[in-house]
Amino acid sequence: MPVTIMIGAHWGDEGKGRVTDELAAEADITARFAGGDNAGHTVYVNGELFKFHLLPSGILREQIICVLGNGMVINPVNLLKEMDEMAARGVDVSPGRLLISTRAHIISPAHIALDKAAEKARGAQALGTTLRGIGPAYLDKAARQGVRAGQMTNIEDFADALHASIERANEVLIRQGITPLDSHESTIQYIEAAQRLQPYLVDTSVYLNQRLKEGAKVLAEGAQGAMLDVDHGDYPFVTSSTATAGGAIAGLGIGPMYVERVVGVTKAFSSRVGAGPMPTELDGPIADRLRGTGDNFWDEYGTTTGRQRRCGWLDGVILRYSAQVNGFSELYVTKLDVLSGLDEVKIAVAYEVNGKQQDFPPTTIRELESVQPVYETLPGWKEDISGIHAASDLPAAAHNFIKRIASLCDVPVKTVSVGPARDQVVALQ
Ligand code: GDP
Ligand code: IMO
Ligand code: MG
């Protein structure tokens, strides 16, 4: 391995949690490098359901050390809540097993209030953020007025920094006619959290580099997806971090020479939650079929917000683009089982823009909103594939579908999953 980077190929929720859990079996360290608790990563093991927002999804593998890297924005109260929940379920979240970068940024109550206020002000143009304060926290980081996790080592300094953050936010809130935050009241829990988190704070870049020199295997767990990346996604309908593979290097403080594998995770269809263009979005029976009724935990309803996800056929144009900007060395296709029973399945292989076909998405929102997907229709398969373990047992039509995905972006599909559980996996090569 030394470093394997795992990235969502579309707009998030591709099944990164389950893939991380699987790849972590071969790793020593699982590290998150971007985003915060806007992420919702699901892992289903031995009939137990786990949803991770800040903790790396490799945490269920006993040998794994978990790292929250410098590229993250961390809500300390929500992190402790998640840690306590995991501890109650018998998961080791002690210092030494979980390391938090002193350089990671803190999401304060001010950031959450500002996220809500900004969405309200956008009205009909709202981005549909997760309201976790992600954008305002990264904004403060870029403006060089953020609060870093390392400041939690000095409680007085930390409290002052939080209060200053709230005072700045209150000026904005008052201008918008929103009730300002009570600086003391809203920070009590944060200050308590800081005290508890002190033993976890480490220079994780120094730690990771030392372990890599000793031969440790690191799994970098992407959050969100390539199309939500602040540079490469469909700006402005994106998150505020670098969710693509390059973000793993900057967000962990390691060199690119360690990277051996970049695993792109895609669902067998496309989904998006929140606003923004989605060229293959469907409305009607196929979309309902892909989304599911909500009765199963794997149906397409947000892990973090519970929102219904928009669904449509697999967007191969986005996948091809994503393979390029991330440098995928292999693909992992999830939720293949969901396509079982359909007479035919479709993949968008190009877009028609102003009467011309193109292989990559246009860079302006106006154009992306007006593209017409060019679909290729492939035969479906009727068999229930959720119990299949060997590639040779997959129906020919499923093999055909997978082969087309690989040829579309010139990246081999190495694994498919046929259900949410650990053993519902088929290795292809
Ligand atoms: P993430 O954000 O990329 O980790 O994805 P989420 O956890 O938000 O959403 C993916 C959902 O699909 C979760 O409920 C998973 O349990 C589920 N899932 C993952 N792989 C498969 C699969 O192969 N088949 C089915 N049916 N569900 C899957
Ligand atoms: P995982 O890691 C799906 C979306 C939000 C919104 C946009 C900006 O589970 O795949 P933000 O709160 O980040 O400012 O919201 O990004 N979004 C996600 N969509 N999965 C996620 O994470 C997401 N994280 C953010 O819905 O459209
Ligand atoms: Mg998710």
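All values derive from a computational prediction rather than experimental measurement. Every number for a ligand or one of its atoms is a count from 1 in the order of the listing.
No N or O atom of Leu131 sits closer than 3.5 Å to an N or O atom of ligand 2. Distances between N or O atoms of Thr334 and those of ligand 1 include no value under 3.5 Å. Looking at Glu14 next to ligand 2, no N or O pair under 3.5 Å apart turns up. Among the atoms of Gly15, some N or O lies under 3.5 angstrom from an N or O of ligand 1. Looking at Lys16 next to ligand 2, an N or O pair under 3.5 Å apart turns up.
Looking at Glu22 against ligand 1, nothing comes within 4.0 Å, counting heavy atoms. Proximity of Val238 to ligand 2, defined as any heavy-atom pair under 4.0 Å, is confined to the backbone N, CA, C and O atoms. Within the 4.0 Å heavy-atom criterion, the part of Trp11 lying near ligand 2 is the backbone and not the side chain.
In terms of distance to the Mg ion (ligand 3), the nearest N, O or S atom of Asp13 is named OD1.
Distance alone, capped at 3.5 Å, is enough to place a donor-acceptor pair between the Asp115 side chain and the Gly133 backbone. No donor-acceptor pair closer than 3.5 Å links the side chain of Arg309 to the backbone N or O of Cys311. Under the 3.5 Å distance criterion, the side-chain polar atoms of Ser205 are matched with a main-chain donor or acceptor of Gly253. A donor-acceptor contact shorter than 3.5 Å links the side chain of Arg272 to the backbone of Pro277.
Under a 4.0 angstrom heavy-atom cut-off, Gln224 registers as lying outside contact with ligand 1. Using 4.0 Å as the threshold, Gly40 has a heavy atom nearer than that to some atom of ligand 2. Contact analysis puts Gly419 in contact with ligand 1, with a non-hydrogen atom separation below 4.0 angstrom. Using a 4.0 angstrom heavy-atom cutoff, Gly40 counts as in contact with ligand 1. The shell of residues lying under 4.0 angstrom from ligand 2, judged by heavy atoms, excludes Arg272. For the pair Gly128 and ligand 2, a heavy-atom separation below 4.0 Å is found.
Every pair passing salt bridge (charged side-chain N to carboxylate O under 4.0 Å, His left out) that includes a residue from residues 375-393 is listed here, sequence neighbours excluded: Asp343-Lys382, Glu376-Arg404.
For atom 20 (N) of ligand 2, the nearest protein heavy atom (residue, atom name, distance) is Asp13 OD1, 3.1 Å. Looking from atom 2 (O) of ligand 2 to the surrounding protein, the closest heavy atom is His41 NE2, 2.7 Å. For atom 22 (O) of ligand 2, the closest non-hydrogen atom of the protein is Gln224 NE2, 3.5 Å. Protein heavy atom in closest approach to atom 27 (N) of ligand 1: Trp298 CB, 3.4 Å. Looking only at protein heavy atoms, the nearest one to atom 20 (N) of ligand 1 is Arg18 NH1, 2.9 Å. In this structure, the protein non-hydrogen atom closest to atom 23 (O) of ligand 1 is Ser417 OG, 2.6 Å. Among all non-hydrogen protein atoms, the one lying nearest atom 16 (O) of ligand 1 is Phe297 CE1, 3.4 Å. Here the heavy atom of the protein found nearest to atom 28 (C) of ligand 1 is Lys335 CG, 3.5 Å. For atom 4 (O) of ligand 1, the closest heavy atom belonging to the protein is Gly17 N, 2.8 Å. Of the protein's non-hydrogen atoms, Thr42 OG1, 2.6 Å is the one closest to atom 7 (O) of ligand 1.
Metal site remark for the Mg ion (ligand 3): Gly40 contributes an N, O or S atom at a distance under 2.8 Å.
A donor-acceptor contact closer than 3.5 angstrom is absent between the side chains of His389 and Asp423.
Comparing heavy-atom distances from atom 27 (O) of ligand 2 across Thr129, Thr239, Thr130, Val273 singles out Val273 as nearest. For atom 17 (N) of ligand 2, the nearest non-hydrogen atom from the set Asp234, Leu228, Val230 belongs to Leu228. Taking only non-hydrogen atoms, the option from Val416, Asp337, Val425 nearest to atom 24 (N) of ligand 1 is Asp337.
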Distance-only donor-acceptor hits, side chain of residues 46-54, under 3.5 Å, sequence neighbours excluded:
{"residue": "Glu48", "atom": "OE2", "partner": "Arg89", "partner atom": "NE", "Å": "3.4"}
{"residue": "Glu48", "atom": "OE2", "partner": "Arg89", "partner atom": "NH2", "Å": "3.0"}
{"residue": "His53", "atom": "ND1", "partner": "Ala39", "partner atom": "O", "Å": "2.8"}
{"residue": "His53", "atom": "ND1", "partner": "Thr304", "partner atom": "OG1", "Å": "3.4"}

